[in-house]
Number of protein chains: 2
Amino acid sequence: MDTSQVKSLLNQHKLKATPSRLALYHYVHDFGSAVPYSNIQDEFKDLDRVTLYRTLNAMCDKGLMHRASVGDDEVHYAVCAHSCTTTEHHHDHVHFKCDDCERLYCVPTKGLSTIELDGYEVREIQIQLSGVCKGCRG
Amino acid sequence: MDTSQVKSLLNQHKLKATPSRLALYHYVHDFGSAVPYSNIQDEFKDLDRVTLYRTLNAMCDKGLMHRASVGDDEVHYAVCAHSCTTTEHHHDHVHFKCDDCERLYCVPTKGLSTIELDGYEVREIQIQLSGVCKGCRG
DNA sequence: TATTAAACGCAACAGTGTTGCAGTAAAAAT
DNA sequence: ATTTTTACTGCAACACTGTTGCGTTTAATA
Ligand SMILES: [Mn+2]
Ligand SMILES: [Mn+2]
Ligand SMILES: [Zn+2]
Ligand SMILES: [Zn+2]
């Protein structure tokens with residue numbers, strides 16, 4: 001992804017395009033799966049932890065990224081596929097954790113089966129799966 | 001639930017039936033829905049926090065309770081419906097968070113629909129729902 | 001009742017979330 | 001291009017949580 005594209009993406013969401021932010025967004029974007037927080041920390045050792053904390057929060061708030069976690073695992077960060085906003089995070093996808101490579105994937109699902117529960121009015125669904133991913137089956 | 005029953009339940013799982021443990025189990029069992037950690041803290045102020053931490057861990061490890069959380073919410077604790085063991089936690093139920101009363105319920109589901117994902121081999125499913133619960137619909 | 005194995009309370013340390021504040025850099029206005 | 005405005009950054013600081021070690025106490029059992 002082009003840097004100028006990320007810059008305008010940030011600006012569109014009312015965030016200043018600082019070097020750290022550009023780098024962070026690129027890193028998460030290019031990772032190939034959701035990024036464990038510890039990886040981000042390692043990659044951005046120089047950045048003050050409070051800044052990292054605020055930056056991740058800002059990006060999640062503004063709809064550029066979202067958090068994902070499965071079970072008791074560490075929280076992961078992934079870029080939002082399409083333009084989410086502060087008020088609307090579109091997540092028509094599930095989170096899949098591979099038992100083998102341990103990566104966590106955001107997997108799109110078309111027409112996610114609605115779940116019926118006797119007596120309950122279901123409004124939102126969140127699904128986490130685990131198993132073996134495409135790459136690890138081969 | 002009878003205290004002597006809880007005592008033998010604990011003993012069956014190789015845990016000593018101390019007063020704190022009996023009280024804790026009763027509290028979570030009788031709560032009516034999964035218990036937020038902060039509620040447990042408030043209820044057991046006198047208990048050392050390390051003991052509480054170890055006790056909850058032990059009960060979860062041994063299959064007497066399990067953790068549940070929805071979204072970024074605080075972790076909740078709920079008793080296991082049937083006899084889980086250290087190696088096998090049976091969770092044929094989903095977690096439902098009511099937007100109204102904010103309680104988190106463990107809701108049993110018979111024949112939980114298997115989810116198919118192209119290319120992925122799905123082994124475990126974890127589902128969290130939100131909406132309005134039975135009691136709050138009226 | 002005596003023995004043994006487990007649980008408890010306390011101290012201590014690392015990690016994280018969170019806020020305030022003063023200096024700095026990006027964006028908008030001139 | 002320079003100024004002005006706005007927001008981001010780094011640092012200090014605090015509370016809370018997870019986690020471990022250790023000596024004392026208590027429940028289980030012989
Ligand atoms: Mn995702
Ligand atoms: Mn449950
Ligand atoms: Zn894999
Ligand atoms: Zn409700």
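Basis for what follows: all heavy atoms, side chains included, without hydrogens, waters or symmetry-related copies. Below, read A as the first sequence line, B as the second, and so on, with proteins coming before strands; counting in each chain starts at 1.
- No more than 12 heavy atoms of other residues, nucleotides or ligands sit less than 6.0 Å from atom CD of Glu116(B).
- Residue Leu52(B) is grouped with residue Leu10(B) when hydrophobic side chains (ILVMFWY) are merged at heavy-atom distances under 4.5 angstrom, including chains of intermediate members.
- Looking at Glu74(A) and Ser69(A), their side chains never come closer than 4.5 Å, going by heavy atoms from C-beta outward.
- Between the CG atom of Leu47(B) and the P atom of dA7(C) there is a distance of 13 Å, rounded to whole Å.
- Using a 4.0 Å cutoff to heavy atoms of chain B, the contacted part of DNA chain D runs 5' to 3' from dT17(D) to dA28(D).
- At the heavy-atom level, Glu74(B) lies nowhere under 4.0 Å from the strands shown.
- In terms of heavy atoms, Cys98(A) sits closest to Tyr105(A) at CB-CE1, 4.5 Å.
- Each of Asn57(B) and Thr51(A) was matched to the nucleotide of DNA chain D holding its nearest heavy atom; the match closer to the 5' end belongs to Thr51(A).
- For Thr55(B), a side-chain nitrogen or oxygen approaches OP1 or OP2 of dC8(C) to under 4.0 Å.
- Using a 4.5 Å heavy-atom cutoff, the side chains of His76(A) and Tyr37(A) are not in contact.
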> What's the verdict on side chain to side chain contact (heavy atoms under 4.5 Å, CB included) for His95(A) and His66(A), showing C-alpha distance, side-chain angles and the deciding distance?
Replying inline: CA-CA 12 Å; His95(A) 289 146; His66(A) 64 275; 3.6 Å; yes

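- Remark: Gln41(A) CD to Ser38(A) OG distance equals 7.0 Å, nearest 0.5 Å.
- Look at CZ on Arg49(B): it is 12 Å from C1' on dG9(C), rounded to the nearest Å.
- Residue Arg21(B) places at least one side-chain N or O under 4.0 Å from the OP1 or OP2 atom of dC8(C).
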>> What does the B/S/- profile of nucleotides 19-30 of chain C look like, 5' to 3', with a 4.0 Å heavy-atom cutoff to protein?
In response: BB----BBS---

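- In the hydrophobic clustering of this structure, Leu24(A) groups with Met1(A); members are Ile, Leu, Val, Met, Phe, Trp, Tyr whose side-chain heavy atoms approach within less than 4.5 Å, directly or through other members.
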